[in-house]
Chemist: 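One structure, as structure tokens, below. Some questions next.
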Number of protein chains: 2
Amino acid sequence: MAEQARYEELIRQFSAFGAVKREVGRMMPSECPAGSAAVLILIERHGEMRMSKLSELLAVDMSVTSRHVAHVAERGWIERSPDPADRRSRILRLTPTGRALLDQLSRRTCRMLAERLSDWSDEEVAQLTALMARLRASFDDIRAHGPEPRPPAPGPAPPVLEQTTRTPATTT
Amino acid sequence: MAEQARYEELIRQFSAFGAVKREVGRMMPSECPAGSAAVLILIERHGEMRMSKLSELLAVDMSVTSRHVAHVAERGWIERSPDPADRRSRILRLTPTGRALLDQLSRRTCRMLAERLSDWSDEEVAQLTALMARLRASFDDIRAHGPEPRPPAPGPAPPVLEQTTRTPATTT
DNA sequence: TATTGTTATACTCTATAACTATA
DNA sequence: TATAGTTATAGAGTATAACAATA
């Protein structure tokens, strides 16, 4: 448990991180922006999956996932085959072309990081990676377990955040 | 200097960090989105400054800064007084209202982090903060010192990135 | 009736380019 | 002629809501 000042510093770094993200984004090929790359990376990482699963991994609304997936499918980097078990669903699979693109992207981003982080030790890189992974997990946990285990301040609790990855359908 | 696999993991975490950013963004008041908050935080942090300086700190184009600043100025959170030394410039200053808003935002975000990171030690929070600061610095350095100290691969060097924070003016 | 996925629309953040006003 | 800042326009990413097809 840290103090107020620590948290303020951390939030400031969150905000400043945008610059790093933009810098990385600038090296992406224009055909494959960051959002598309994220789709490919996750499918490579976790294997074939359905839209809903991918949405969960991306932690964005399924409508957003649908757009990204359409983009990469149009370019032949993934294929969408109907799920025989549930014909509403589609199974997403990386194509050989997609895998080749990923290899190329990986080499390119690693080369960039090797330049930028040339004075970082292997341990430091690993440490940052681990802490960022844990950060993400800490935020995920809350979403899964409920946002207010113990309201730290009196007053009305903030509205509970949706924990699905899709827009709630209006019952017609 | 780290290995390829380390860098791949790190890039993956960069991508996943978007989810954290969005979660934080969801708690911002709709009148003061993340971009506006960044402006206020930097002016509080570094004191009064000109647009160009703020652009540099935000690491975005000055046109973007101009938009954000207009937004917060319209709401009375900062004031823009003409610089007597250079009448093209404007000096940005936080107003009391702006400072009050910042206090409120700070309390709110710290409360959120305290919840999310309740099982993090003070040292861990400090470590993540320090590593993210160093990361940002490593990327900044490159922009300042030139992108290719020693081209690791033969072939044409990638186009040098602009190091100003504004769109290059076309000479009329 | 509920769920999976798609599409239409709107909003935020960003960059490029053209413009104004001062230097 | 060059610089500080503004504005217009365009593109990426996201969320909400309405919709189609299937369960």
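Worth knowing before you read on, the calculation uses all heavy atoms, side chains too, and leaves out hydrogens, waters and symmetry mates. A, B, ... follow the sequence lines: proteins, then strands. Residue 1 opens every chain.
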Chemist: So does Arg26(A) get a side-chain nitrogen or oxygen closer than 4.0 Å to the phosphate oxygens (OP1/OP2) of dA15(C)?
Modeler: yes
Chemist: Indicate yes or no: does Glu3(A) engage Arg6(A) in a salt bridge with an N to O separation below 4.0 Å.
Modeler: no
Chemist: Could you pull out the closest heavy-atom pair between Ser138(B) and Trp120(A), with the gap in Å?
Modeler: OG-NE1, 2.8 Å
Chemist: Taking CE from Met62(B) and P from dT20(C), how many angstroms apart are they, rounded to a whole number?
Modeler: 17 Å
Chemist: Could you tell me the separation between the CG atom of Leu54(B) and the P atom of dT6(D), rounded to a whole number of Å?
Modeler: 11 Å
Chemist: In residues 64-74 of chain B, which residues come under 4.0 Å of DNA chain D by heavy atom?
Modeler: Ser66(B), Arg67(B)
Chemist: For Glu8(A) and Ser106(B), test the side chains for any donor-to-acceptor distance below 3.5 angstrom and give the result as yes or no.
Modeler: yes
Chemist: Quick check on side chain to side chain contact (heavy atoms under 4.5 Å, CB included): which of Arg90(B), Met51(B), Arg50(B) does Asp83(B) satisfy it with?
Modeler: Arg50(B)
Chemist: Side-chain polar contacts of residues 64-75 of chain A - donor-acceptor pairs under 3.5 angstrom, sequence neighbours left out - could you list them?
Modeler:
| from | atom 1 | to | atom 2 | distance (Å) |
| --- | --- | --- | --- | --- |
| Thr65(A) | OG1 | Ser55(A) | OG | 2.6 |
| Thr65(A) | OG1 | Asp61(A) | O | 3.3 |
| His71(A) | ND1 | Arg75(A) | NH1 | 3.4 |
| His71(A) | NE2 | Glu31(A) | O | 2.8 |
| Arg75(A) | NE | Glu31(A) | OE1 | 2.9 |
| Arg75(A) | NH1 | His71(A) | O | 3.0 |

Chemist: Output every pair passing ring-ring contact (aromatic ring centres under 6.0 Å, His included) with a member in residues 14-42 of chain A, not counting sequence neighbours, ordered by first then second residue.
Modeler: Phe14(A)-Phe17(B), Phe17(A)-Phe14(B), Phe17(A)-Phe17(B)
Chemist: Describe the nucleic acid contact of Ser63(B) in one word from base, sugar-phosphate, nothing, applying a heavy-atom distance below 4.0 Å.
Modeler: base
Chemist: Could you check which residues of residues 38-51 of chain B get a heavy atom under 4.0 Å from DNA chain C? Sort them by number, please.
Modeler: none
Chemist: Can you list, by residue number, the residues of residues 78-90 of chain A that have a non-hydrogen atom closer than 4.0 angstrom to DNA chain D?
Modeler: Asp86(A), Arg87(A), Arg88(A)
Chemist: Hey, is the main chain of Met112(B) close enough, under 3.5 Å, to the side chain of Glu115(B) for a donor-acceptor pair?
Modeler: no
Chemist: Can you measure Leu58(B) atom CG to dA15(C) atom P for me and round it to whole angstrom units?
Modeler: 10 Å
Chemist: Nearest heavy-atom pair of Ala59(A) and Arg136(A): which atoms, and what distance?
Modeler: CB-NH2, 3.8 Å
Chemist: Taking atom C1' of dT12(C) as reference, at what distance in whole Å does atom CZ of Arg22(A) sit?
Modeler: 13 Å
Chemist: Starting at CG of Leu94(A), measure out to CG of Leu42(A) and round the result to the nearest 0.5 Å.
Modeler: 11.0 Å
Chemist: State, to 0.1 Å, how close Thr95(B) and Ile78(B) come at their nearest heavy-atom pair, and which atoms those are.
Modeler: CG2-C, 3.7 Å
Chemist: Mind calculating the distance between CG (Asp61(B)) and P (dT7(D)) to the nearest angstrom?
Modeler: 14 Å
Chemist: Considering only residues two or more places apart or on different chains, which pairs with a residue in residues 32-48 of chain B satisfy side-chain hydrogen bond (donor to acceptor under 3.5 Å, both in side chains)?
Modeler: Glu9(A)-Arg45(B), Glu48(B)-Arg93(B)
Chemist: Rounded to whole angstroms, how far apart are NZ on Lys21(A) and C1' on dA12(D)?
Modeler: 12 Å
